[in-house]
Amino acid sequence: MSSTAVGAEHHDHGPAKGLKRWLYTTNHKDIGTMYLVLSFVMFLYGGAFAMGIRLELFEPGIQYFSPEKYNQMITMHGLIMVFGAVMPAFVGLANWMIPLQIGAPDMALPRMNNWSFWILPFAFSMLSMTTFMDGGAPNFGWTFYAPLSTTYAPPSTTFFIFAVHMMGISSIMGAINVIVTIFNMRAPGMTWMKMPLFVWTWLITAFLLIAAMPVLAGAVTMMLFDIHLGTSFFDAAGGGDPVLFQHIFWFFGHPEVYIMILPAFGVVSAILPAFARKPLFGYTSMVWAVASIALLSFIVWAHHMFLVGMPLVAELFFMYATMLIAIPTGIKVFNWMATLYQGSITFETPMLFALAFLVLFTCGGLSGLMLSIGPADFQYHDTYFVVAHFHYVLVPGAVFAIMAGAYYWLPKWTGHMYDERLGKIHFWLSFISINVTFFPQHFLGLAGMPRRIPDYALMFSDFNMMSSIGGLTYGVSQLLFVYIIIKCVRGGEKASEKPWDGAEGLEWTVPSPAPYHTFSTPPKVD
Amino acid sequence: MADSSYYVPESSRHPVLASIGMFVMLFGLGMIMNHSEADGSMTGPIVVCSVGFVFFAYVLWQWFSDVIRENHQGLTSLQLKDSYAMGMSWFIFSEVMFFAAFFGALFYVRSFVVPWLGGEGDKASSHLLWSDFRAMWPPMSNPDNTLYPAMTGVVHWNEIPLINTVLLLASSVTVHFSHHALLHDERSKFQAWLGITILLGAVFVYYQAAEYEHAWNDLSITLNSGIYGSTFYMLTGFHGLHVTLGAFMLLVMLLRSFKGHFTKDDHFGFAAASWYWHFVDVVWVGLFLFVYIL
Amino acid sequence: MRILSFLALALYASTGFADWQLNMPQGVTSSSNEIYDLHQLILWICAVIGLLVTAGIGYCLIKFRKSKGAVPAKWDENLFAEVTWTVIPTIILVLMAIPASKTLANLYDTSNSEVDILVTGYQWKWQYEYIDEEVGFFSNMSTPRDQIEGDAEKGEHYLLEVDEPMVVPVGKKIRLLLTAKDVIHSWWIPEFGVKKDAVPGFINESWMVIDEPGVYRGQCTELCGKDHGFMPVVVHAVSEQEYDAWVAGKKEIAAQAALASMKTYSKDELMAEGEAVYMRTCAACHQANGTGIPAAGFPSLIGSPLIEGDVAGHIDIVLNGKPATAMQAFAAQLNDVELAAVVTYERNAWGNDKGDVVQPADVAAMRAEKE
Ligand code: HEA
Ligand code: HEA
Ligand code: CUA
Ligand SMILES: [Cu+2]
């Protein structure tokens with residue numbers, strides 16, 4: 001028989017042995033683990049490029065990398081971090097936690113789930129292979145604006161395009177799986193408004209993915225045609241427009257940044273109540289806030305394009321629409337604060353990361369709000385102020401939330417407690433160094449340092465040196481995280497079913513580590 | 001909502017193999033495209049691409065066979081069938097968004113770019129750079145006619161496109177009849193209507209090819225003839241590809257029906273293919289309106 | 001908390017302190033001043049909100065610790081609170097949107113200009129054409145390579161200096177028409193509050209009225225390839241008389257160049273001039289020693305096919321470029337003397353011992369043929 005109906009006959013069906021287990025698996029926990037491992041490898045890989053960037057910018061002059069290498073580094077850094085580190089990490093968390101949190105035995109479409117994962121290593125191999133091709137890796141930034149990415153691009157761009165196609169296919173299938181699982185696999189009694197916020201945020205994220213990724217696929221397909229088949233989508237000489245590319249890219253790109261933050265909201269919404277020992281404040285409005293952020297995210301894309309010469313009305317429209325996003329996001333921030341208020345708070349590592357997220361994400365969100373003010377963006381655009389903004393929302397935002405989630409759920413995944421003392425050291429090192437890295441970049445941007453330059457004028461030296469020192473420290477600190485994880489997987493204090501006394505949710509009703517097949521009979525939710 | 005016996009398929013080697021196939025196929029395609037600019041031999045790239053494609057197709061074939069076999073063994077629960085149905089619907093939604101990107105490009109170019117280049121609207125001063133260019137749609141000349149040789153005529157909506165519209169709309173109706181027949185357990189009617197649908201699809205593709213031939217050779221509308229040709233071939237080309245794929249899916253369903261597959265309350269494969277067909281049809285209506293008529 | 005001290009630093013900074021420049025420059029145009037005021041407003045609003053949020057969280061963390069015996073409350077809703085923190089932010093946003101909209105509308109008003117300049121971005125230099133004066137020239141970065149590579153002391157205006165700055169009169173409304181020849185560039189002078197993309201095939205507009213004479217520096221702010229970081233913008237704002245004199249001088253130079261192209265030059269003269277032109281115009285891609293960067297698509301010129309071939313092909317590619325590659329047409333960028341010199345130089349430098357000499361007349365002939 002080629003398949004099993006779990007529950008009836010094969011109750012304690014365990015994992016296969018060896019490499020095959022991972023290659024052929026249909027188990028959401030295995031797949032979740034593979035996603036998480038891949039994403040961490042990619043984080044180191046993309047981080048290595050970041051280290052190269054910070055090394056080159058340590059002082060003025062060209063030191064280690066030629067300008068063309070530098071451009072390749074920022075491109076690979078951006079692409080790998082966004083598509084390789086952050087997105088797969090959240091998919092990994094989704095795979096592990098969504099079935100556990102809604103009382104499902106697995107994801108709805110387990111084989112497709114494995115396919116979503118296995119496409120990724122091949123996609124990133126293809127992307128990485130461009131480094132060794134004629135003309136080098138893509139060098140046009142992670143936003144690959146035409147015509148730099150078409151007429152003037154290196155030949156390896158063809159492979160870059162196919163790599164993006166593959167990532168898109170993977171994300172779309174992953175998102176379909178999440179949506180179907182949530183719609184179709186909830187345990188009896190797990191009504192919509194009982195679902196943990198992590199599930200809600202992922203449901204909405206999955207919708208964003210299905211709506212945005214195909215548009216990206218369309219954009220790169222048009223690039224492919226312009227490069228190889230003579231079309232003129234992005235060339236005025238044939239009646240096209242380079243700015244058309246930007247419109248399509250950002251129609252994907254802006255939802256994309258929320259794809260990277262909404263699941264983070266979900267993780268934080270699980271952790272804050274757990275360590276404040278008080279239920280999440282304003283559950284209903286949290287759900288509505290996420291939904292409104294997601295809807296708004298489709299009508300704000302051109303705030304990345306305030307300087308391309310859009311008509312005034314368009315400029316105003318996109319400015320107002322963007323500003324509106326501050327309202328639902330503000331609701332979330334204030335609700336989290338209200339969750340802390342009159343709680344009974346302790347400071348385990350996940351909580352520390354979640355609290356840092358709360359403060360620093362707000363910081364990044366507020367600089368985002370400044371960017372959304374069209375005329376002010378005339379000065380901020382394409383400077384380090386923007387770099388500071390998005391790293392604040394992405395690193396102490398998305399990445400901190402991922403780490404918070406990892407610490408929070410590690411006991412459930414491995415059955416062991418991680419080393420709390422090392423965890424705290426990891427947190428404080430990360431927290432301090434990330435601010436040293438990115439806070440000075442606000443000043444650099446305001447003082448006039450453009451982004452994407454390998455060398456800079458002398459007045460920017462001091463802050464760049466500071467930022468580099470912070471960046472390198474942050475990078476090295478992450479090696480501690482590697483050690484903590486390995487140590488925790490290997491052994492450590494046994495974790496109970498529910499190691500956090502304030503935690504809520506179905507995942508804490510099963511043993512730690514969670515058995516290979518959970519909920520073979522659906523739990524009752526009341 | 002849930003019944004008590006969840007279904008989790010045994011581990012499967014299809015996903016990894018399919019990924020490898022996809023990788024090899026795309027890598028070969030990339031080699032072909034990049035090679036086409038040098039004068040070296042193309043055999044290698046073509047072999048790589050074809051091997052990848054065949055392998056990929058083979059793995060998918062095996063994969064689908066497994067799914068069908070499991071269903072016949074009665075392993076597919078009602079819940080899983082729901083999952084399949086939902087999965088298919090969201091997949092179609094993603095396809096809608098894919099086309100939306102191309103339609104968006106068309107609208108943007110028509111309503112903004114071409115007028116700007118021709119000296120109208122907010123960026124009218126751009127006309128300084130292309131003083132010979134006049135804005136109209138379809139554009140019968142390009143800003144730079146040496147890089148993008150202008151087309152010499154336009155396709156008329158009331159010729160082949162109209163016929164094709166009728167064909168495709170009719171096929172949507174016939175596939176519905178066929179579904180209806182299946183629901184009433186009238187197998188031969190089901191097969192007949194399905195066959196007619198596939199035939200209509202095939203004729204559509206044939207006419208589309210004929211129209212391409214006419215546009216390319218008689219009207220000089222090519223991929224290189226400026227933005228009209230670009231959007232025209234991009235939209236109709238991807239649509240045509242989807243029609244082909246949809247027809248292939250229906251054909252597979254027809255063959256399966258001869259093998260005795262599908263019953264009146266278990267025919268997800270056929271239903272999915274027919275939804276896909278309706279979707280392709282709706283896209284065509286959009287194309288007919290925005291590419292041909294308006 | 002660390003973040004607090006940083007925020008405090010930011011606030012301190014916004015009052016315009018210290019020789020580390022921390023804040024946006026106030027600038028010398030009405031636009032830049034308006035933007036600066038708007039920036040101050042939103043910076044303060046955001047800083048205060050940020051501080052309040054941080055303080056609120058800090059308060060909870062201190063007050064409601066389990067270690068201090070805090071007992072968790074049970075409530076998880078409060079309609080009044082939620083309405084409050086929906087309504088107040090909305091009001092704040094409206095207050096920000098009003099001045100922002102006004103400023104934006106003003107920045108878009110390019111009417112009634114007195115001087116019109118067409119600014120064209122190239123990989124990696126700017127071209128300025130004064131539309132009413134028939135004056136035009138290119139502006140290349142003039143920072144020497146050895147400063148960049150660390151072999152020489154870096155100068156005061158490292159990377160922010162050019163061979164020929166744009167010159168404009170103060171007190172007049174200047175309209176910029178921005179476009180590009182290859183990829184997208186973006187023209188920025190922070191002190192003017194003017195930043196606008198230069199998109200190939202389209203013309204964007206922007207404007208400024210400069211209040212004070214001086215030298216203003218900025219950079220290209222859209223990634224445009226290898227030397228995006230080496231594409232400075234420098235503007236000299238001068239009094240009206242000085243501006244008029246400068247225009248007259250420019251016209252004079254153009255007239256002389258036309259005369260010069262009638263002459264016949266010796267090989268040494270051509271080689272000397274050619275080397276200068278080459279270093280200024282071609283070395284960015286083909287490198288000072290002619291080896292190019294083949295890995296990045298810039299071919300070596302040593303023994304390359306077109307240089308090995310006859311002179312006509314060589315002149316042709318320099319004059320007309322190769323469409324859809326980074327090799328641009330230099331016909332409009334260099335005059336006949338410069339073109340003749342650079343071609344002669346390339347044919348005889350780095351061991352390319354072709355020995356032939358190209359005269360301005362040869363180039364003029366090829367130009368005429370093309371037209
Ligand atoms: C996780 C990713 C993420 C998130 C969440 C955000 C969130 C936001 N971003 Fe950001 N952004 C990026 C990632 C992200 N961004 C990236 C990667 C880029 C650069 C891309 C590139 O060019 O390479 C970018 C660039 C970018 C730009 C373009 C800048 C430029 O290139 O010139 C703009 C402009 O409007 C912008 C705005 C915003 C806004 C308004 C929000 C809002 O969602 C923020 C909302 C949050 C708050 C406002 C704080 C909390 C609210 C309160 C405490 C309530 C009270 C507040 C008030 C009422 C004031 N972002
Ligand atoms: C989620 C996304 C994400 C994340 C996590 C990061 C993380 C970091 N980023 Fe990045 N960044 C982007 C997304 C992200 N970035 C994007 C989208 C861009 C724009 C690209 C573009 O312009 O197109 C960008 C651009 C960007 C720039 C601007 C470049 C420029 O404009 O010229 C800089 C400069 O400081 C920078 C720095 C950093 C640093 C120091 C980190 C640190 O947080 C990194 C932490 C480092 C590690 C985790 C490394 C650990 C590894 C080691 C210590 C080495 C071990 C070695 C091996 C294993 C081989 N990033
Ligand atoms: Cu020109 Cu950047
Ligand atoms: Cu955005």
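Keep in mind it's a predicted model, so treat the numbers as computed, not measured. In what follows, chains are A, B, ... by sequence order, proteins preceding strands, each numbered from 1.
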J.: Assess the side chains of N34(B) and T158(A): does a donor N or O sit below 3.5 Å from an acceptor N or O?
T.: yes
J.: Counting heavy-atom pairs under 4.5 Å with chain A, which one of L129(B), L147(B), L117(B) comes out on top?
T.: L117(B)
J.: When you check the gap from the basic side-chain N to the acidic O, do E70(B) and R111(A) get nearer than 4.0 Å?
T.: yes
J.: I'd like to verify something: which residue of L209(A), I179(A), I161(A), I172(A) has the highest number of heavy-atom pairs under 4.5 Å with chain B?
T.: I179(A)
J.: For L109(A), is it the side chain, the backbone, both, or neither that has a heavy atom closer than 4.5 Å to a heavy atom of chain B?
T.: side chain
J.: With a 3.5 Å cut-off and no angle check, do the side chains of T25(A) and N114(A) form a donor-acceptor pair?
T.: no
J.: What part of F98(B) is in contact with chain A, defined as an atom under 4.5 angstrom from a non-hydrogen atom: side chain, backbone, both or neither?
T.: both
J.: Under 4.5 Å, counting heavy-atom pairs only, tell me which of P155(A), A211(A), A217(A) racks up the most with chain B.
T.: A211(A)
J.: Please classify the contact between F225(A) and chain B as side chain, backbone, both or neither, with a heavy-atom cut-off of under 4.5 Å.
T.: side chain
J.: Regarding S116(A) and Y35(A), is there a side-chain donor-to-acceptor distance under 3.5 Å anywhere?
T.: no
J.: Can you say whether L223(B) sits under 4.5 Å from chain A via the side chain, the backbone, both, or neither, judging by heavy atoms?
T.: both
J.: Select, from A18(B), G104(B), S230(B), the one with the greatest count of heavy-atom pairs under 4.5 Å involving chain A.
T.: S230(B)
J.: With a 4.5 Å cut-off on heavy-atom pairs, point out which of K123(B), R13(B), H14(B) contacts chain A the most.
T.: R13(B)
J.: Using non-hydrogen atoms and a 4.5 Å limit, figure out which bit of A100(B) sits close to chain A: side chain, backbone, both or neither.
T.: neither
J.: Check the side chains of H28(A) and N113(A) for a donor-acceptor pair under 3.5 angstrom, ignoring hydrogens and angles.
T.: no
J.: Taking the inter-plane angle between the rings of F249(A) and F252(A) on a 0 to 90° scale, is it parallel (under 30°), tilted (30 to 60°) or perpendicular (over 60°)?
T.: perpendicular
J.: Please give me the minimum heavy-atom distance between A150(B) and M140(B), naming the atom from each residue.
T.: CB-O, 3.4 Å
J.: Side chain, backbone, both or neither: which part of F238(B) has a non-hydrogen atom closer than 4.5 Å to chain A?
T.: side chain
J.: Give, as side chain, backbone, both or neither, the part of V16(B) having an atom under 4.5 angstrom from any heavy atom of chain A.
T.: both
J.: Would H165(A) and T221(A) count as a side-chain hydrogen bond (donor to acceptor under 3.5 Å, both in side chains) here? Give the steps.
T.: CA-CA 9 Å; H165(A) 274 132; T221(A) 306; 3.0 Å; yes
J.: For F27(B), is it the side chain, the backbone, both, or neither that has a heavy atom closer than 4.5 Å to a heavy atom of chain A?
T.: both
J.: If we ignore angles and hydrogens, is there a donor and acceptor under 3.5 Å between the side chains of E95(B) and H242(B)?
T.: yes
J.: Out of D82(B), L17(B), V114(B), return the one with the most heavy atom pairs under 4.5 angstrom to chain A.
T.: D82(B)
J.: Is chain A contacted by the side chain of L29(B), its backbone, both, or neither, given a heavy-atom distance below 4.5 Å?
T.: both
J.: Kindly indicate whether the side chain of F234(A), heavy atoms from C-beta on, has any atom under 4.5 Å from the side chain of M222(A).
T.: yes
J.: Between D122(B) and chain A, with a heavy-atom cut-off of 4.5 Å, which part of the residue counts as in contact: side chain, backbone, both or neither?
T.: side chain
J.: Just so I understand: if I count every heavy-atom pair under 4.5 Å between each of G121(B), S141(B), G87(B) and chain A, which residue has the most?
T.: G87(B)
J.: Heavy-atom distance under 4.5 Å to chain A: side chain of T231(B), backbone, both or neither?
T.: both
